[in-house]
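Beneath this line is the structure, given in structure tokens, with notes to follow.
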Amino acid sequence: MPEQPAVKPASGSQTLSRGLTALSLLADHGGQSIQSLAGLLGVHRSVAYRLVRTLEEHRLVVRDAAGMLSLGPQLVVLARDVEHDLQSASLPHLQQLADELGATAFLAVRDGDDAVTLVTAVPRGVNASVAQHPGHRHPISLGAPGVALQSMLSDATWRELGHDESMHPEVERVRTRGFAVSANEVMQGITSIGAPIRARGTTDAAVAVVTVGEPDTNALGEAVQRTARAIEADLR
């Protein structure tokens, strides 16, 4: 494995910053040993060990018999009320969309310059589908859900997020036809379709599906838009 660059802690508490970064790394990379987590954090193994022990005490991280670390159950408790109304309104519609299309459907929200998966629905009766786990994060500059979230931003807000370049070319198509399409941007071989959910107050959100092959993107786009409108109606 190539050496990872050290993660620079944010201003404020260095330990807290490293702990939050460790949780994000476990969410993004899956199970890690203490040694590999130390490499991702750019710290000595002893520092990572002390950090892990603190996270374990609070059940934010758990360690299996082989010593592999994963996110702990306390995170579920902490996240229980995060965007509760949005999660409750979206889940039945996402499940219906996933079953209808035979593809994984999910809801992404904007967290600064990132799109974060909040809720996922896997199609029932399908042997295999593309995985999209809650907590997955990628820049809004990439992927259909990211582009759908971009379409809700003003040019001034886009610049405030640190972008000198223009928004994704697909943004204008979202604003005219209602959905975004991307292929091979976040993951090779994966096509995603996303549509913004509007009238959500301060939270920017989007519905999306991910699939493989050469799908009928217009048909998927229409289905994703219908789901976005249905969620909006339930939130009013």
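Since this is a predicted model, take the numbers as computed values, not measurements.
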T191-T211 side chain donor-acceptor pair, cut-off 3.5 Å: no
With no hydrogens and no angle check, is any side-chain donor or acceptor of E232 less than 3.5 Å from a backbone partner on R198? yes
Taking D164's backbone N and O only, do any of them form a donor-acceptor pair with W158's side chain (distance below 3.5 Å, no angle check)? no
Taking the side chain as C-beta and beyond, is there a heavy-atom pair between T54 and V52 under 4.5 Å? no
Spacing of CG belonging to L25 relative to CZ belonging to R18, to within rounding of 0.5 Å: 12.5 Å
The reported gap from OG in S24 to CG in L40 (rounded to nearest 0.5 angstrom) is 11.5 Å
Tell me, yes or no, whether the heavy-atom count around E214 atom CD, taken from other residues, nucleotides or ligands under 6.0 Å, exceeds 12. no
Within the 3.5 Å criterion, strictly below it, is a donor on Q95 or D99 matched to an acceptor on the partner's side chain? yes
Approximate separation, where rounding is to 0.5 Å, of H138 NE2 and D113 CG: 11.5 Å
Quick check for you: to the nearest 0.5 Å, what is the distance between D114 atom CG and L161 atom CG? 10.0 Å
Residues at least two apart in sequence or cross-chain that pass side-chain contact (heavy atoms from CB on, under 4.5 Å) with E172, listed by chain then number, are R175
Check the surroundings of atom CD in Q96: do more than 12 heavy atoms from other residues, nucleotides or ligands lie under 6.0 Å from it? no
So among L69, L51, V43, V61, which one has a side-chain contact (heavy atoms from CB on, under 4.5 Å) with L37? L69
Looking only at side chains, do H168 and E185 share a donor and an acceptor under 3.5 Å apart? yes
Backbone N or O of R177 within a donor-acceptor pair of the Q225 side chain at under 3.5 Å? yes
Can you pull out every ring pair (Phe, Tyr, Trp, His ring centres under 6.0 Å) where at least one residue sits in residues 205-236? Sequence neighbours excluded, please. none
Can you name the residues that form a salt bridge (Lys or Arg N to Asp or Glu O under 4.0 Å) with R53, not counting sequence neighbours? E56
Can you measure from OG (S192) to CZ (F179) and round to the nearest 0.5 angstrom? 12.0 Å
Quick one: OG on S182 to CD1 on I193, what's the gap to the nearest 0.5 Å? 7.5 Å
